[in-house]
Amino acid sequence: MLEKEFWFVTGSQFLYGPEALAEVEEDSRVIVERMNAAGSLPYPIVFKIVGTTAENITEVLKEASFEDKVAGVITWMHTFSPAKNWIRGTQLLTKPLLHLATQFLDHIPYQTIDFDYMNVNQSAHGDREYAFINARLHKNNKVIFGHWDNPEIQTQIAKWMDVAVAYDESYKIKVVTFADKMRNVAVTDGDKIEAQIKFGWTVDYWGVGDLVKYVNAVDAAEVDQLYIDLQEKYDYVEGQNSPEKFEHNVKYQLREYLAIKKFMDEKGYSAFTTNFEDLEGLEQLPGLAAQMLLAEGYGFAGEGDWKTAALVRLFKIMSHNQQTVFMEDYTLDLRKGHEAILGSHMLEVDPSITSDRPRVEVHPLDIGGKEDPARLVFTGMVADGIDITMADYGDEFKLISYDVIGSKPEEETPFLPVAKQLWTPKMGLKAGAEAWMVTGGGHHTVLSFKIDSEQLQDLSNLFGLTYINLG
Ligand code: MN
């Protein structure tokens, strides 16, 4: 878990006297304490101040912008807080902003309500006064309306927190491309400078030879130990291979895993790409190695697709590395009543979506002209999810998605030993595939059973990114 927190700032003013302000602060502390104690939020909220003047509001929002541990600010207007007081601070705020339009009580206390109550409890109009200035400033902030103690509201806040942390962390994503991208492929190319300006992604080329040095330097004893340890999580299935070949080929992937991990950790990378066209000095295309790194939360995409590699990393942060994988539209079932896409990649879909115990297998790849790579073979999930891609259109990036229904393949594929996930777009395969292609969405995607289109919209708002959810 990343060490992040969210600051809570309550809006008020001096009009109602010190007693009212004391009550505003006490109520704010109760809200924050109880939301933290509910256990439904992934990151803690810290109550900061009751904002009463332009000066103290500006000060706290400047501080939030500066503090690395702060991933976002949550504001709420307990009373009427004249919104001109918020202009400068809001302009200077660089962190995601959630306006929680709530009220201390979830009801109207008909029998006791009086003007003392109304002097302190003015959220109904105070939150609208404040919301106006965020809209006027084009702040692209999130507004969540509802009672703070409602579990549905807290779920919504939790999802927004995950978006805010992903946004914040996006500016630290560094992708290493081992070799360049696959020759002649269009959709995996794009403007790396614009991606860095827009999303904060650093994308660096390193020669395969630089990685080979790390692979050759891996300690054999470490590989031997990992070979033993890995059998706790995965079944080893030798198949047609001799025991010696199986062990050698699996161990070579473990060597690649340790080498790539060390390379990335030493140099600060959190995502990587490979390209089967350029494996000079390597025995195998990283398969099991890539799957193990993905399972730990690193980003990856094949064929030098740095955009998707960065997206995988970004969405693994957002999903807490649960049920979120690199994916490719692999083959189709077009028969009526069976319409589905079988998703996979040659070797590199990670087991965060598995519904069975993955098997380590060694088979030929028939591409790249290298040794038979070890890979994890498993079957994916039955669940609702979302399939996401990003494309560079020259004048802008677009994020494209549709909602999907994940299901099990109807049969085993004994001659296609890969990790597999079947899905159908919720809008239907025909409508979904046509809309996807008309929009220009590519074949490399992030498939997630954890994040949803509202989160993608919120994230896109923060980036100023065009987002199209097809349905
Ligand atoms: Mn591919």
Side-chain angles (χ1 to χ4, degrees), residues 175-190 192 195 203 205 208 253 256 260 271-279 282 284-295 298-316 324-332 340-353 363-370 372-378 380 385-392 399-402 404 409 413 416-423 433 436-437 439-448:
V175 183
V176 48
T177 68
F178 293 116
D180 200 354
K181 51 173 288 300
M182 184 179 167
R183 287 183 281 275
N184 297 317
V185 176
V187 76
T188 53
D189 221 328
K192 298 189 185 85
V203 183
Y205 161 92
V208 176
Q253 286 284 337
E256 288 184 322
I260 297 169
F272 72 109
T273 68
T274 56
N275 181 351
F276 65 88
E277 288 174 333
D278 190 351
L279 298 172
L282 295 175
Q284 301 173 27
L285 177 64
L288 173 62
Q291 289 170 304
M292 289 169 68
L293 289 160
L294 278 157
Y298 293 93
F300 171 84
E303 292 94 50
D305 184 354
W306 53 269
K307 288 195 299 296
T308 305
L311 268 194
V312 170
R313 170 65 186 152
L314 183 65
F315 292 139
K316 278 183 172 288
T324 299
V325 297
F326 168 55
M327 188 52 80
E328 179 173 279
D329 299 88
Y330 216 47
T331 191
L332 303 167
I341 297 167
L342 178 64
S344 186
H345 202 259
M346 294 185 296
L347 302 172
E348 307 100 336
V349 174
D350 83 74
S352 70
I353 58 165
H363 300 278
L365 187 59
D366 298 332
I367 192 168
K370 290 287 175 174
D372 301 352
R375 83 291 305 266
L376 290 170
V377 180
F378 60 84
I386 192 163
D387 201 28
I388 312 154
T389 193
M390 180 184 274
D392 183 347
L399 191 68
I400 302 162
S401 71
Y402 51 37
V404 303
T413 57
L416 186 70
V418 293
K420 291 181 289 287
Q421 172 70 56
L422 202 75
W423 76 83
W436 190 279
M437 285 188 263
T439 313
H443 59 286
H444 280 173
T445 64
V446 186
L447 184 73
S448 177

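None of the values given here were measured: they were computed from a predicted structure. Ligands are counted one by one from 1 in listed order, and the atoms in each one are counted from 1 as well.
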Visitor: Which side chain to side chain donor-acceptor pair (under 3.5 Å) pairs, counting each pair once, include a residue from residues 304-315, with sequence neighbours left out?
Guide: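 As it turns out, the side chain to side chain donor-acceptor pair (under 3.5 Å) pairs with a partner in residues 304-315, which skip direct neighbours, are Asp305-Thr308, Asp305-His444.
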
Visitor: Would you please name every residue forming a salt bridge (Lys or Arg N to Asp or Glu O under 4.0 Å) with Asp387, sequence neighbours left out?
Guide: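 Checked Asp387 against salt bridge (Lys or Arg N to Asp or Glu O under 4.0 Å); zero matches.
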
Visitor: Are side-chain N/O atoms of Gln291 and His345 paired as donor and acceptor at under 3.5 Å?
Guide: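 Checked: Gln291/His345 side chains show no N/O donor-acceptor pair below 3.5 Å.
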
Visitor: Among all residues two or more places apart in sequence or in another chain, which pass the salt bridge (Lys or Arg N to Asp or Glu O under 4.0 Å) test with Asp372?
Guide: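 Here the qualifying residues are Lys245.
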
Visitor: With 2.8 Å as the threshold, which protein atoms of type N, O or S lie near the Mn ion (ligand 1)? Leave waters out.
Guide: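 Checking every protein N, O and S atom gives Glu303 OE1, Glu328 OE1, His345 NE2, His444 NE2.
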
Visitor: Okay, side chain of Lys316, backbone of Tyr298: is any donor-acceptor separation there less than 3.5 Å?
Guide: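 It does not hold such a pair.
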
Visitor: Pick from Asp350, Leu293, Val312, Thr274: which one makes a side-chain contact (heavy atoms from CB on, under 4.5 Å) with Phe300?
Guide: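 The single option meeting the side-chain contact (heavy atoms from CB on, under 4.5 Å) with Phe300 is Thr274.
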
